[in-house]
Trainee: 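Following this message is one structure expressed as structure tokens.
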Amino acid sequence: PGVVTIFAPAGARADPVLKASLMSHPSGGELRMSLSVAWPGQYVLEVSTDLVTWSSLRNLAVTGSTVDFTEPLDSRASRSFYRVRLQPSP
């Protein structure tokens with residue numbers, strides 16, 4: 001584990017804020033994350049190792065203004081970047 005870089009989408013009316021702290025465990029590491037949003041909705045957490053190719057990690061249903069969760073670290077990746085996107089309404 002090294003530096004944790006968090007990206008939020010640009011150009012939104014009020015960008016979501018994603019904060020993370022690293023938690024180390026004997027079996028591996030986890031990121032403890034907190035997502036703060038201006039409005040409730042469905043969000044998706046994505047990860048990338050190169051800032052070009054992004055993969056979905058999980059969907060987040062935010063019913064209030066914040067949601068806390070943990071995400072296991074991929075020990076095979078030398079670095080990971082995270083971002084959160086608001087899911088479009090169906």
Side-chain angles (χ1 to χ4, degrees):
V3 175
V4 175
T5 305
I6 306 295
F7 288 90
R13 290 179 291 153
D15 293 339
V17 175
L18 183 63
K19 296 179 183 177
S21 61
L22 186 61
M23 299 182 342
S24 295
H25 295 285
S27 61
E30 290 183 329
L31 284 176
R32 178 181 290 162
M33 297 190 200
S34 178
L35 174 63
S36 299
V37 297
W39 61 93
Q42 295 291 325
Y43 292 81
V44 60
L45 175 66
E46 299 178 328
V47 65
S48 174
T49 57
D50 61 8
L51 294 174
V52 175
T53 305
W54 292 90
S55 300
S56 295
L57 285 178
R58 66 166 61 196
N59 292 321
L60 300 165
V62 183
T63 57
S65 60
T66 63
V67 63
D68 297 324
F69 57 96
T70 59
E71 189 64 39
L73 291 174
D74 183 355
S75 60
R76 298 167 293 162
S78 62
R79 64 181 175 208
S80 295
F81 303 92
Y82 297 86
R83 71 180 181 186
V84 165
R85 290 186 306 108
L86 177 63
Q87 293 280 37
S89 299

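Both backbone and side-chain heavy atoms feed into the values below; hydrogens, waters and symmetry mates do not.
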Trainee: Minimum heavy-atom separation for T70 to R32, with atom names?
Mentor: CG2-CA, 4.1 Å

Trainee: Would you tabulate the side-chain donor-acceptor contacts of residues 61-69 under 3.5 Å, counting partners in other chains and residues two or more places apart, or write 'none'?
Mentor:
{"unit_1": "D68", "atom_1": "OD1", "unit_2": "S34", "atom_2": "OG", "d": "2.9"}

Trainee: Can you tell if the side chain of L45 reaches within under 4.5 Å of the side chain of L60, non-hydrogen atoms only?
Mentor: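 Answer yes - side chains close enough.
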
Trainee: Are L35 and Y43 side-chain neighbours, meaning at least one heavy-atom pair lies under 4.5 Å?
Mentor: yes

Trainee: Rounded to the nearest 0.5 Å, how far does CD of E71 lie from CE of M33?
Mentor: 6.0 Å

Trainee: Which heavy atom in L51 sits nearest to a heavy atom in S48, and how many Å separate them?
Mentor: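 Residues L51 and S48, closest heavy atoms: N-OG, 2.7 Å.
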
Trainee: Give the minimum heavy-atom separation between L57 and Y82, together with the two atoms involved.
Mentor: CD1-CE2, 3.7 Å

Trainee: When you look at V44 and R58, which way does the side chain to side chain contact (heavy atoms under 4.5 Å, CB included) test go after all the steps?
Mentor: CA-CA 6 Å; V44 60; R58 66 166 61 196; over 6 Å; no

Trainee: I'd like to check the salt bridge (Lys or Arg N to Asp or Glu O under 4.0 Å) partners of E46; sequence neighbours left out, ordered by chain and number.
Mentor: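 For E46 the salt bridge (Lys or Arg N to Asp or Glu O under 4.0 Å) partners, ignoring immediate neighbours, are R83, R85.
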
